[in-house]
Amino acid sequence: MTSPMIDAPTPNYKRPDTSKVIADQALLTPAEIERYEADGFLVLENFTNSERIAALKAAAQKIIDDFDMDMVSVFSTEDQRKLSSDLYFLESGDKIRCFFETHAFDNNGKLIKDKQLAINKLGHAMHDIDPVFEAFSYVPELCQAAIDLGFVDPIAAQSMYIFKQPSIGDKVNAHQDSTFLNTDLASCTGFWFALEDATQENGCLWAIPGSHKTYPITRHFRRNAAGKVPSLWAKKLPGTYHKQCLWR
């Protein structure tokens with residue numbers, strides 16, 4: 001599961017309850033914060049518990065079970081440009097929607113696998129709509145971690161539940177999340193939770209230490225001026241960087 005968080009005075013977003021955050025009881029140590037600033041990411045072991053993880057998995061399964069497939073959208077990590085004309089995807093920021101893996105359907109439009117094994121991800125507002133995901137997204141320790149990392153007014157901008165289905169789907173190319181989610185000044189930070197053991201053998205997340213200082217964000221995926229028909233890639237001058245936290 002991944003949940004980008006931003007620091008911005010946006011009144012329409014729900015905010016975590018910072019009253020439970022105690023300034024002198026930081027969750028992260030100075031050494032961890034220093035490592036985060038140096039590497040651009042931080043891995044925390046045992047951040048949550050098995051009960052919360054089981055609840056998230058059950059909630060995700062219920063969303064798929066209830067999905068009636070009136071609208072079908074395929075999420076491709078290989079060709080993001082296809083998403084520029086997919087309104088089901090583009091209008092999902094305040095909804096919960098299911099997105100299928102590439103090649104999940106045959107030439108006749110029939111699923112080649114069970115629905116539960118053909119979904120690429122769920123998105124993008126579980127943190128505000130589904131009670132289980134909402135409860136997880138606003139736990140005090142997550143807010144505390146954001147405060148420790150320097151957030152002043154943290155808000156959850158998006159949530160995704162990403163499946164790693166066997167034997168189907170595209171590879172995930174190297175990318176920077178702030179290409180797709182960004183603020184000015186830059187504050188978008190990804191909080192990524194491994195709900196199962198992630199290893200090099202089964203396909204873990206990779207990051208290049210220090211790359212946030214050497215590889216600036218040079219392009220954004222955005223809509224055109226009319227706000228209706230999305231444009232493709234919009235170039236941006238170097239100078240914006242992306243960091244994220246990895247929780248296990």
Side-chain angles (χ1 to χ4, degrees), residues 1-4 53-130 132-133 136-137 157-177 179-181 190 192-206 219-224 227-234:
M1 175 184 168
T2 179
S3 181
I53 292 175
L56 289 171
K57 288 183 175 181
Q61 185 61 56
K62 184 177 187 307
I63 291 172
I64 295 176
D65 290 342
D66 294 343
F67 177 46
D68 58 13
M69 295 183 59
D70 285 343
M71 293 288 293
V72 171
S73 177
V74 174
F75 183 83
S76 172
T77 53
E78 290 273 73
D79 189 357
Q80 298 283 355
R81 293 172 298 179
K82 293 179 180 178
L83 300 176
S84 66
S85 60
D86 186 349
L87 291 180
Y88 181 83
F89 172 80
L90 293 169
E91 296 175 352
S92 64
D94 59 351
K95 302 173 181 66
I96 299 176
R97 289 181 170 174
C98 300
F99 303 94
F100 284 94
E101 293 279 12
T102 304
H103 311 306
F105 299 89
D106 62 21
N107 293 334
N108 297 317
K110 183 179 179 181
L111 277 175
I112 64 172
K113 289 177 173 281
D114 290 341
K115 181 172 61 173
Q116 290 79 5
L117 296 176
I119 297 291
N120 172 281
K121 71 173 185 175
L122 310 177
H124 292 97
M126 287 91 70
H127 61 287
D128 279 343
I129 298 177
D130 183 273
V132 176
F133 282 91
F136 181 85
S137 299
Q158 184 190 84
S159 54
M160 294 184 289
Y161 189 104
I162 302 174
F163 299 87
K164 298 299 180 181
Q165 305 288 12
S167 306
I168 192 173
D170 289 333
K171 65 181 180 182
V172 179
N173 293 315
H175 64 280
Q176 297 162 302
D177 286 355
T179 297
F180 309 96
L181 275 174
W192 187 93
F193 303 88
L195 302 183
E196 297 177 349
D197 289 340
T199 68
Q200 293 187 31
E201 287 70 31
N202 69 6
C204 61
L205 185 67
W206 290 78
R219 56 186 182 177
H220 282 161
F221 193 73
R222 60 177 61 173
R223 301 185 185 223
N224 63 12
K228 295 181 179 180
V229 181
S231 62
L232 297 179
W233 295 104

Pair H127-S137, side-chain donor/acceptor within less than 3.5 Å: no
Close side-chain approach of L122 and F67, heavy atoms under 4.5 Å: no
Test side chain to side chain contact (heavy atoms under 4.5 Å, CB included) applied to I168 - qualifying residues, sequence neighbours left out: E101, A104, I112, K113, Q165
Donor-acceptor contact present, side-chain N202 to main-chain T199, <3.5 Å: yes
D106 (side chain) donor-acceptor with G109 (main chain) under 3.5 angstrom: yes
Matching residue for F100 among Y88, F105, F89 - test: ring-ring contact (aromatic ring centres under 6.0 Å, His included): F105
Pairwise side-chain contact, K171 with T102, heavy-atom cut-off 4.5 Å (strictly under): no
Contact summary for L56 and V132, nearest pair of heavy atoms: N-CG1, 4.0 Å
Evaluation steps, ring-ring contact (aromatic ring centres under 6.0 Å, His included), between H124 and Y161: CA-CA 9 Å; H124 292 97; Y161 189 104; over 10 Å; no
Side chain to side chain donor-acceptor pair (under 3.5 Å) pairs, two or more places apart, involving residues 56-68: Q61-D65, K62-D66, D65-Q116
Validation row: I119, F99 side chains within 4.5 angstrom (heavy atoms): no
Side-chain donor/acceptor of N108 to backbone N/O of K110, under 3.5 Å: no
H103: partners by side chain to side chain donor-acceptor pair (under 3.5 Å), with sequence neighbours left out: none
